[in-house]
Amino acid sequence: MIVLEQLKSYAKTDRIALVNRGERLSYKELDAQSDAFAAWLLETFREDRSPVVICGDKETSFLPCIYGALKAGRAYVPIDSVVPENRAAQIVADVKPKAVVDFTGRNFDCKVRILQQADLKRIFSSPGTVSPESWITENDPAYILFTSGSTGRPKGVPITAGNLDAFCRGILPFYLEESGTVLHQVSYSFDVSGCAVYAGISRGMTLFTVDHAMAANLQECFAALEKSELTLWVSTPSFAELCVQSERFHQTLLPRLRQFLFCGEVLTHTLCDALSKRFPAAKTLNTYGPTEATVLVTAAEITGEMGQGSRSVPIGRAIDGVTLRLEQDGKEVMADGQTGELLILGPTVGPGYFGRPDLTEKSFFIDRKTGLRGYRTGDLCYQKDGLFYYCGRADNQLKLNGYRIELEDIEANLQKLPNIQRAAVAPVRDGDGKVRYLAAFLLLQEPDGLTPLKRSVALKKQAAEFLPPYMIPRKLLIVDAFPLNVNGKIDKKALAARLEGTP
Ligand code: AMP
């Protein structure tokens, strides 16, 4: 695996792999701690290669645990600290790990070995070496990421070592320099973090962490970034939009910054324009990709007039090794400007959904023409002058502040709450189509006699037991009946329209 080999070679240098709230972890320490963790896993669980679950935010030991799992031939399953206990328990029940590394102090009601910070300290302090023969190999899963699933239960997406190698080969030519410092703000449970965790480490870069608390307090975040010597910014456009609201977010804050890399959601002209004014020395790279095809599969440096006249900037061209195709009604779309569903083919396409052959069969395929493995994205795109443009989804999946959400996931979880007969969740969008917030429309089993404010507070508290904060609708409204569209389905557009123009 490229990244494990690269880690070994950088471990011979004095480079720093991670800076987390002032704490520094060198490549030597990352290599030694991950070896020690791998040796412990191999000795404790021997032939049993069950995945290792890691729950947390951006703790310094998170990274050695990831690399330790890979060196011991195991996949890891990251669960973000914002995921509520019930949802984390569902993931653990599906994955059946033997060990859970927990930085959050949760209760895992199952028979697994729980490792907390003190246990890791002990493990890291007993040196161990692990032969590369124990490392994960091409077809082994490296990680399983759980994304929002339409049944109300998170859906697991395994990605192999071979997929990750293909991703690194495809994106690294866009990285402007070896070494340097990369922003590590994206959660480990969102694969865009791979731009730092895999590509960054493969290039000997320093990962500069911004955890949830820092991201929520921009003054604190900027004070830390000022000392970061950041050269590469990786985030969703939403996080950069939040930063741009402050005048401090300017080249004087990050004088060494050479590149923005965006992924995960629509990148608007407005943000690109603002960044080119504030950071004239930095280039902007837009990239696109679904978790199922390993982090990202397209890239383009956004320049000047690119994409003027279209709603957002282009998502770019296929990275090296990836083939893209547009299809409509089973036929390939060839003409410029004609919209079709984007199909991804090649070595970054993962093996399918974890334990869900039914879902895998629907979206993954082997291409008859080329023999390549393919994935139907559900994303509608068109091509113009050799560049792909994104123009929305063919289903109910959406992005809110960079988070991938299936509306049915929220509805299924709201319907678990007492006195809720039926729930319909609709996105409320702004003028350029970006989702501003979610609204839930609820049919009660019987009147509850509560004021709207009291009801909303109570329901949000109950929903937080099942859903992470970013999936809890901002507005919860009671309806007597649902409007239906011509197909007899709940008319979500009509529901969302009731909120247009409201703050
Ligand atoms: P995720 O699996 O969380 O990475 O989400 C993948 C989905 O995010 C894609 O299928 C798209 O719908 C959306 N997405 C990712 N990157 C972009 C982008 N650059 N522009 C527009 N949508 C994007």
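All ligand and atom numbering here is 1-based and tracks the order in the structure. Given the structure is predicted, the values throughout are model-derived calculations rather than measurements. Start at 1 with the first residue, then count along the sequence.
- Applying the 4.0 Å criterion to heavy atoms of Asn286 picks out, from ligand 1, the atoms 19 (N).
- Although no hydrogens or angles enter the test, the distance criterion places no donor-acceptor pair under 3.5 Å between the side chain of Asp430 and the main chain of Arg436.
- Using a 4.0 Å cutoff on heavy atoms, Asp379 counts as a contact of ligand 1.
- In terms of protein heavy-atom proximity, atom 4 (O) of ligand 1 is closest to Gly289 O, 3.3 Å.
- Between Phe62 and Tyr188, the distance from one ring center to the other falls under 6.0 angstrom.
- In this structure a side-chain-to-backbone donor-acceptor pair under 3.5 Å is missing from Asp367 to Leu372.
- The part of Ile315 lying near ligand 1 is the side chain, judged by heavy-atom distances below 4.0 Å.
- Residue Pro290 approaches ligand 1 through these ligand atoms, each under 4.0 Å from one of its heavy atoms: 2 (O), 6 (C).
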Pair up each side-chain donor or acceptor in residues 293-301 with any protein partner under 3.5 Å, not counting sequence neighbours, and list the distances.
{"residue": "Thr294", "atom": "OG1", "partner": "Thr348", "partner atom": "O", "Å": "2.7"}
{"residue": "Thr298", "atom": "OG1", "partner": "Tyr288", "partner atom": "N", "Å": "3.3"}
{"residue": "Thr298", "atom": "OG1", "partner": "Ile315", "partner atom": "O", "Å": "2.6"}

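- In this structure, Phe364 and Tyr353 have perpendicular ring planes: the angle between them is above 60°, well past the 30° mark.
- Ligand 1 does not have Thr377 within reach: every non-hydrogen atom of the residue lies 4.0 Å or more from it.
- Taking 4.0 Å as the cut-off, Ser312 does not count as a neighbour of ligand 1 on heavy-atom distance.
- With respect to the salt-bridge test (charged N to carboxylate O, under 4.0 angstrom), the residues Arg169 and Asp320 do not qualify.
- Not one N or O of Cys263 is nearer than 3.5 Å to an N or O of ligand 1, by distance alone.
- Taking all atoms of both residues into account, the shortest heavy-atom contact from Leu183 to Val234 is CD2-O, 3.6 Å.
- Where the criterion is an N or O separation shorter than 3.5 Å, residue side chain and backbone included, Thr291 meets it with respect to ligand 1.
- For the pair Arg278 and Phe249, the cation-pi test (distance below 6.0 Å, angle within 45°) is failed.
- Under a 4.0 Å heavy-atom criterion, Phe190 is in contact with ligand 1.
- Proximity to Val266 (heavy-atom distance under 4.0 Å) selects the following atoms of ligand 1: 20 (N), 21 (C), 22 (N).
- Considering each of Val157, Thr287, Leu267, Ile344, the one bringing a non-hydrogen atom nearest atom 19 (N) of ligand 1 is Thr287.
- Considering both main-chain and side-chain atoms, Tyr390 comes within under 3.5 Å of ligand 1 through a nitrogen or oxygen pair.
- For Tyr143, the ring pair (Phe, Tyr, Trp, His ring centres under 6.0 Å) partners at least two apart in sequence or on another chain are Tyr76.
- Looking only at heavy atoms of the protein, atom 16 (N) of ligand 1 is closest to Gly264 N, 3.2 Å.
- Here the options are Arg404, Arg87, Arg153, the test is side-chain hydrogen bond (donor to acceptor under 3.5 Å, both in side chains), and the partner is Asp409; only Arg87 passes.
- Of the protein's non-hydrogen atoms, Glu265 N, 3.4 Å is the one closest to atom 17 (C) of ligand 1.
- Closest to atom 8 (O) of ligand 1, if we only count protein heavy atoms, is Lys399 CE, 3.2 Å.
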